[in-house]
Novice: 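Sharing a structure here in structure tokens format.
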Amino acid sequence: MPVEAVTTASIDRAAAALRAGRLVAFPTETVYGLGADASNARAVAEVFAAKGRPRFNPLIVHVPDLAAAALLAELGENGRRLAASFWPGALTLVLPRRADSGIAELTSAGLSSLAVRVPAHPVAGALLRAAGRPIAAPSANRSGHVSPTTAAHVAADLGERVALILDGGPTRLGLESTVVDVSGPTPVILRLGAITRADLVAALGRPLAFVGEVPSRPASPGMLARHYAPATPLRLEAREVLSGEALLAFGEPEPPHTGPALNLSRSGDLSEAAANLFACLRSLDGAGARGIAVMPIPQQGLGEAINDRLQRAARPE
Ligand code: TXA
Ligand code: MG
């Protein structure tokens, strides 16, 4: 069982595992997180595989302090005000991502925004400092299960998938962080959590809308985050490349083509394909082709999430 008591040595081992691209579960004041190096697309793909998520939801990036957050994203005035009131703490800010953030596209599911949080838990803080890089972490449960508030919950759900679980005891809040999108002119609450709407209103000095109350933003769970959609039309399950099309290949052999082409994984590895997906789409979208022919991806394991995103990208909402 990979559960380890918190010591300087176990934190150092956990930080080394994260830097090596492995997964580590760690306590925060809200719930336990399933951490991966946010700059390592392969490690982030393993998070989705371990959770058994049929979709790529964008993940929260955890950093030790405000200065580290400012290297990744533009805080803006609303962001600074909320960060000053609640960080470290149970508030996640959705912010415009900086071009030089170094965060993998898969971490934010291809979006131009980034969700960032500075957790208020001494073990999380020590781990983030020891790792020395931003850590992407969803709640450390399998998809469809409730968020874990003890190391034993994590071990029961994900024990075989993680390098180690740091046991920081039961989490203090037991409820996920509140997510506020401050990337636009009007702050919008995307998820209510440990910090209440009244707390936010007091800090901002103005009312805040919840996502369901904004007519232009539907509240169905899958829509809480906007999806990345390329402007170039996608043609899925393509077995040949038509004239003027770019090719997004998977495995080998590739169909004959003359235009721009990228391969999600030559060896047909779904985890490698997931890691490359958003960066490849973005790059082919900018290639000036009239369409993108996407080869079939097997509907198994991470292939399900890849196909979900491709289908959404093929018919933009
Ligand atoms: O308390 C918490 O927030 C825990 C601990 C581990 O930090 N984490 C957590 O992560 O609950 P997760 O993946 O279960 O939930 C992340 C939420 C989702 O609702 C997701 O849609 C939203 O944050 N989110 C992440 N990035 C986003 C983005 N760029 N735009 C909009 N929403 C985003
Ligand atoms: Mg969750």
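Whatever order the structure lists them in is the order used to number ligands and atoms, beginning at 1. Because only heavy atoms are used, hydrogens play no part in the values below, and waters and symmetry mates are left out as well, while side chains stay in. These figures come from a predicted structure and were not determined experimentally.
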Novice: To the nearest 0.5 Å, what is the distance between NZ (K51) and NE2 (H145)?
Specialist: 10.0 Å
Novice: State whether S139 contributes an N/O/S atom found under 2.8 Å from the Mg ion (ligand 2).
Specialist: yes
Novice: Just how far is it from atom CD1 of I165 to atom OG of S10, taken to the nearest 0.5 Å?
Specialist: 12.5 Å
Novice: Near R53, which atoms of ligand 1 are under 4.0 Å from a heavy atom of that residue?
Specialist: 13 (O), 14 (O)
Novice: Could you walk me through whether E254 and R266 pass the salt bridge (Lys or Arg N to Asp or Glu O under 4.0 Å) check?
Specialist: CA-CA 9 Å; E254 296 180 355; R266 290 188 183 280; 3.1 Å; yes
Novice: Any N or O on S113 sitting closer than 3.5 Å to an N or O of ligand 1?
Specialist: yes
Novice: Under 3.5 Å between some N or O of ligand 1 and some N or O of E176?
Specialist: no
Novice: Which of these, R55, R191, E29, has its nearest heavy atom closest to atom 17 (C) of ligand 1?
Specialist: R191
Novice: With rounding to the nearest 0.5 Å, note down the distance linking NE2 in H257 to CG in L247.
Specialist: 5.5 Å
Novice: Would you mind listing which atoms of ligand 1 come within a distance below 4.0 Å of any non-hydrogen atom of P138?
Specialist: 10 (O), 12 (P), 13 (O)
Novice: Taking the ring of F48 and the ring of F56, is the distance between their centroids below 6.0 Å?
Specialist: yes
Novice: A quick test of your reading: do over 12 heavy atoms of other residues, nucleotides or ligands sit less than 6.0 Å from CD of E77?
Specialist: no
Novice: Counting only heavy atoms closer than 4.0 Å, does ligand 1 sit against the backbone of V94, its side chain, both, or neither?
Specialist: side chain
Novice: Would D65 and R129 satisfy salt bridge (Lys or Arg N to Asp or Glu O under 4.0 Å), going step by step from the backbone distance to the final call?
Specialist: CA-CA 9 Å; D65 51 37; R129 279 176 220 285; 3.6 Å; yes
Novice: Using heavy-atom distances only, which candidate in L190, V180, L114 approaches atom 32 (N) of ligand 1 most closely?
Specialist: L190
Novice: Can you see which heavy atom on A163 is nearest to which on A17, and at what distance?
Specialist: CB-CB, 4.0 Å
Novice: Tell me whether the count of non-hydrogen atoms from other residues, nucleotides or ligands lying under 6.0 Å of CD in E160 goes above 12.
Specialist: no
Novice: Under 4.0 Å, heavy-atom basis, I'd like to know which part of A137 is in contact with ligand 1: side chain, backbone, both or neither.
Specialist: backbone
Novice: Around R97, counting heavy atoms of other residues, nucleotides and ligands shown, do more than 12 lie under 6.0 Å from its CZ?
Specialist: yes
Novice: List every atom of ligand 1 that sits less than 4.0 Å from any heavy atom of R117, numbering the atoms from 1 in the order shown and giving each element.
Specialist: 1 (O), 5 (C), 7 (O)
Novice: Hey, which atoms in ligand 1 end up nearer than 4.0 Å to a heavy atom of H62?
Specialist: 5 (C), 6 (C), 7 (O)
Novice: For ligand 1, is any non-hydrogen atom under 4.0 Å from R97's backbone (N, CA, C, O), its side chain (CB onward), both, or neither?
Specialist: neither
Novice: Does any N or O of ligand 1 fall below 3.5 Å from an N or O anywhere on S139, backbone included?
Specialist: yes
Novice: So, does L111 sit close enough to ligand 1 that a heavy atom of it is under 4.0 Å from the ligand?
Specialist: yes
Novice: Return yes or no for this condition: an N or O of Y32 is under 3.5 Å from an N or O of ligand 1.
Specialist: no
Novice: Would one find an N or O of S108, backbone or side chain, under 3.5 Å from an N or O of ligand 1?
Specialist: no
